[in-house]
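Single-structure report; data block below.
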There are 2 protein chains.
Amino acid sequence: MADISTRKVNPLFLREEELRQGMELLFYAYRDFTAEADLLLEQYNFGRAHHRVIHFVSRNPGINVSDLLAILQITKQSLSRVLSQLVREGFIEQKTGVQDRRQRLLTVTEKGEELERKLSENQRTLIANAYREAGAEAVEGFRKVMLGMLGASDRARFDDEFLPNGLRRRQG
Amino acid sequence: MADISTRKVNPLFLREEELRQGMELLFYAYRDFTAEADLLLEQYNFGRAHHRVIHFVSRNPGINVSDLLAILQITKQSLSRVLSQLVREGFIEQKTGVQDRRQRLLTVTEKGEELERKLSENQRTLIANAYREAGAEAVEGFRKVMLGMLGASDRARFDDEFLPNGLRRRQG
DNA sequence: CCGTTATGTCAGTTATATTGACATATTAAT
DNA sequence: ATTAATATGTCAATATAACTGACATAACGG
């Protein structure tokens, strides 16, 4: 199946094949990437949504609910269940905004940070190993391609961080 | 937030930051990647699972149920609902195996191929654009990193296709 | 004061997956 | 030939996680 001889003589097939491999890479990588954290989450009776909330609140301390919803792209009702659970169990804190007292600004507690570290440990290891094995140049390419795949609004979240080229350099 | 000066003097922070960016790239890319196909699937009252089944059966004509389950990593009951729906509506065909008549070998009908093309059109475009904009070298790096992130069993699915280096070369 | 915004919540629904138990047909092993 | 194991399918109950819609409160901005 998909014999090389066919590929060689048919650049269109080759390109098509290449694209479909890209699709599958994304599928498998995402699944493998999330698999272990999912197991850990079960022990807390949490789901992937909890992980995402903790991750993005940890990365954006003081974020308000609207902005978090914009990142997660879920309904406020969905977030509510997850978030109130995390607050109730002491992983996330809500503080009333100072300029705008309607807002609830979210931060992760120390307990929350600890959980975040646990949850992401395997993920960071996976990425770190993949980066190390692939080498600096490959990592640069990986980022380029991934960024190129993002929709405009999501890409904007990275622009600030990528342009100042503090990160493009090393990844030893 | 995340000021460059801090990054420059603290390689550990930089590395950590880099890994977390990788995590988010994967999250956003996967979501943006699947967003449009999801919309189309709604029109058929199908879900992402249907897309996956069609994709992998299309890529592996004559695959049996067990192997498909191994790829999808879902229960046979879950697959059953999706698959029987696809068979009932004429997107997928089942044929009794010849060597082993217990098996149901799955193939995509012409109608199924058509749906697959529709569903993946946007995804292929996304990848194609990202590849083109990033360049051949970046694509090579992207693949290396993605492959490096896969678990052993998933990586094995690509080994055959990657080692014969019919694909590493061009991506014009 | 009033329209809008940020947030929260109640209720009902839908989609999708899971587990467990069991059934059928077929193959493979003794 | 009988029997154990395999490939597949199905019924039923449950779980999860999202959704929509409606409504409520508090605070902002003019």
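Side chains included, hydrogens not; waters and symmetry mates left out as well; all remaining heavy atoms used. The structure displayed is predicted, hence computed values, not measured ones. Chain letters run A, B, ... following the sequence lines, proteins first and then strands; every chain starts at 1.
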Using a cut-off of less than 4.0 Å, is there contact between a side-chain N or O of [X] and OP1 or OP2 of [N]?
X: B/T75; N: C/dT18; value: yes
X: B/R101; N: C/dA25; value: no
X: B/S80; N: D/dT10; value: yes
X: A/S84; N: C/dG8; value: no

Exercise. Does a distance-only test, which skips hydrogens and angles, find a donor-acceptor pair under 3.5 Å between the side chain of B/Q94 and the base of D/dG9?
Worked result: no
Exercise. Could a donor-acceptor pair under 3.5 angstrom be found where the side chain of A/R102 meets the base of C/dT7?
Worked result: no
Problem set entry | Salt-bridge criterion met for B/E16 and A/R59 (N-O under 4.0 Å) | no
Problem set entry | Polar side chain donor-acceptor pair, A/H51 to A/E116, under 3.5 angstrom | no
Taking atom [atom2] of [N] as reference, at what distance in whole Å does atom [atom1] of [X] sit?
X: A/Q103; N: C/dT5; atom1: CD; atom2: P; answer: 14 Å
X: B/I74; N: D/dG9; atom1: CD1; atom2: P; answer: 12 Å
X: A/L79; N: C/dG8; atom1: CG; atom2: P; answer: 8 Å
X: B/L68; N: D/dA7; atom1: CG; atom2: P; answer: 14 Å
X: A/D38; N: C/dT18; atom1: CG; atom2: C1'; answer: 14 Å
X: B/R88; N: D/dG9; atom1: CZ; atom2: P; answer: 13 Å
X: B/Q85; N: C/dA17; atom1: CD; atom2: P; answer: 11 Å
X: B/L105; N: D/dG9; atom1: CG; atom2: C1'; answer: 16 Å

Problem set entry | 5' precedence on DNA chain D between A/F46 and B/V65 (nearest-nucleotide basis) |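 The residue whose closest nucleotide sits nearer the 5' end is B/V65.
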For this session: Could you say whether A/G47 or A/Q99 is positioned toward the 5' end of DNA chain D, judged by the nucleotide with the nearest heavy atom to each?
Result: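 The residue mapped nearer the 5' terminus is A/G47.
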The side chain of [X] is closest to which nucleotide in this list: [options]?
X: B/K76; options: D/dA7, C/dT18, D/dT10; value: D/dT10
X: A/R81; options: D/dA18, D/dA7, D/dT8; value: D/dA18
X: B/A49; options: D/dA27, D/dT8, C/dA17; value: C/dA17

Exercise. Between atom CD1 of A/I71 and atom CZ of B/F27, what is the distance when rounded to the nearest 0.5 Å?
Worked result: 8.5 Å
Exercise. Is there a donor-acceptor contact under 3.5 Å from the side chain of A/D32 to the main chain of B/G151?
Worked result: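 Judged by distance alone, yes, a pair lies under 3.5 Å.
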For this session: Determine whether more than 12 heavy atoms belonging to other residues, nucleotides or ligands lie under 6.0 Å from atom NZ of A/K111.
Result: yes
For this session: Could you check B/Q77 against B/V82 and say which one's nearest nucleotide on DNA chain C is further toward the 5' end?
Result: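 Result of the comparison: B/V82.
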